[in-house]
Amino acid sequence: MDRIEIERDTRRWAMACHLAALSCYLSIPFGNLLGPLLVWLFKREDDPFIEEQGREALNFQLSITLYGFIAFLLCFIFIGLLLLPVLVIFHLVCTIIAGVKAGNGEAYRYPLTIRFLH
């Protein structure tokens with residue numbers, strides 16, 4: 001396999017780390033965590049770029065899950081009713097941007113992410 005094909009394959013797997021998080025919108029419970037986790041676990045040793053982007057995707061998805069839980073709790077005082085739709089839009093936009101950037105071979109750092117995995 002030539003170098004261009006390897007780079008293309010690496011970019012595709014890095015992009016898959018990010019976009020696998022969208023599986024939560026297909027009614028897969030915790031798909032936003034399981035999708036990136038599975039891709040990252042199986043492909044992280046193939047290339048440092050896949051490892052880095054998979055870790056970044058997981059950190060963001062863990063952060064979004066935490067923020068979602070907090071917003072859900074805040075629904076009891078009605079603030080969460082405003083926060084949840086904003087959080088969903090933020091999640092969609094950031095995940096798609098990260099997938100496109102990784103597909104182009106660019107490293108992406110999500111905003112407002114807690115770095116759980118280093």
Residues which pass side-chain hydrogen bond (donor to acceptor under 3.5 Å, both in side chains) with Y67, listed by chain and number, not counting sequence neighbours: none

Please identify each residue that fulfils side-chain hydrogen bond (donor to acceptor under 3.5 Å, both in side chains) with E106, with sequence neighbours left out. none

Quick check: do K43 and T10 have side-chain heavy atoms less than 4.5 Å from each other? no

Report the C-alpha distance between I114 and L62 in whole Å, list the side-chain angles of each, state the deciding distance to 0.1 Å, and finish with yes or no for side chain to side chain contact (heavy atoms under 4.5 Å, CB included). CA-CA 8 Å; I114 302 167; L62 287 166; over 6 Å; no

Could you report the tightest heavy-atom contact between A107 and E52, atom names first, then the distance? CB-OE2, 3.6 Å

Rounded at 0.5 Å granularity, tell me how far CD1 in I97 sits from NE2 in H18. 11.5 Å

Could you identify which residues cluster with I50, counting Ile, Leu, Val, Met, Phe, Trp and Tyr as linked when any side-chain heavy atoms lie under 4.5 Å apart, either directly or through a chain of such contacts? W13, V39

I'd like to know if I79 and L87 are part of one continuous hydrophobic network [Ile/Leu/Val/Met/Phe/Trp/Tyr, side-chain heavy atoms within less than 4.5 Å]. yes

Distance in Å, D46 CG paired with D9 CG, rounded so as to fall on 0.5 Å steps: 8.0 Å

If you look at every heavy atom in A57 and P36, which pair is closest and at what distance? CB-CB, 4.3 Å

Listed once per pair and sorted, the ring pair (Phe, Tyr, Trp, His ring centres under 6.0 Å) pairs that draw on residues 22-41, sequence neighbours left out: Y25-H91

Under 4.5 Å between side-chain heavy atoms, hopping through other hydrophobics if needed: is there a path connecting L66 to V86? no

Backbone N/O of F60 and side chain of T113: donor-acceptor pair under 3.5 Å: no

Is there a path of hydrophobic side-chain contacts, each under 4.5 Å between heavy atoms, that joins V88 and L22? yes

Roughly how far, to the nearest 0.5 Å, is CG of L74 from CG of L83? 6.5 Å

Run the numbers on R115 and R109 for side chain to side chain contact (heavy atoms under 4.5 Å, CB included), then give the verdict. CA-CA 11 Å; R115 307 284 172 217; R109 299 274 292 185; 3.2 Å; yes

Closer than 3.5 angstrom, by distance alone: can the side chain of N59 be matched with the main-chain N or O of L117 as a donor-acceptor pair? yes

Would you check if F90 and L112 make a side-chain contact, meaning some heavy-atom pair closer than 4.5 Å? yes

Assess the residue pair F116 and L58 against the criterion (side chain to side chain contact (heavy atoms under 4.5 Å, CB included)); give the C-alpha distance rounded to whole Å, side-chain angles, the decisive distance to 0.1 Å, and a yes or no. CA-CA 9 Å; F116 294 103; L58 276 171; over 6 Å; no

Other ILVMFWY residues reachable from L82 by side-chain steps of under 4.5 Å: none

Heavy-atom nearest pair, A98 first then Y110, reads CB-OH, 3.1 Å

Closest non-hydrogen contact found for G80 with P85 is O-CD, 4.4 Å

Where the side chain of Q53 meets the backbone of M15, is there a donor-acceptor pair that is under 3.5 Å apart? no

In the single-linkage hydrophobic clustering (I, L, V, M, F, W, Y; side-chain heavy atoms under 4.5 Å), do I64 and L19 co-cluster? no

So, the side chain of R44 versus the backbone of E51: is there a donor-acceptor pair under 3.5 Å, distance only? no

Nearest heavy-atom neighbours spanning A102 and F49: O-CE2, 3.8 Å

Does I70 share a hydrophobic cluster with F78, counting links as ILVMFWY side-chain heavy atoms below 4.5 Å and allowing steps through other members? no

side-chain hydrogen bond (donor to acceptor under 3.5 Å, both in side chains) against K101, all qualifying residues, sequence neighbours excluded: none

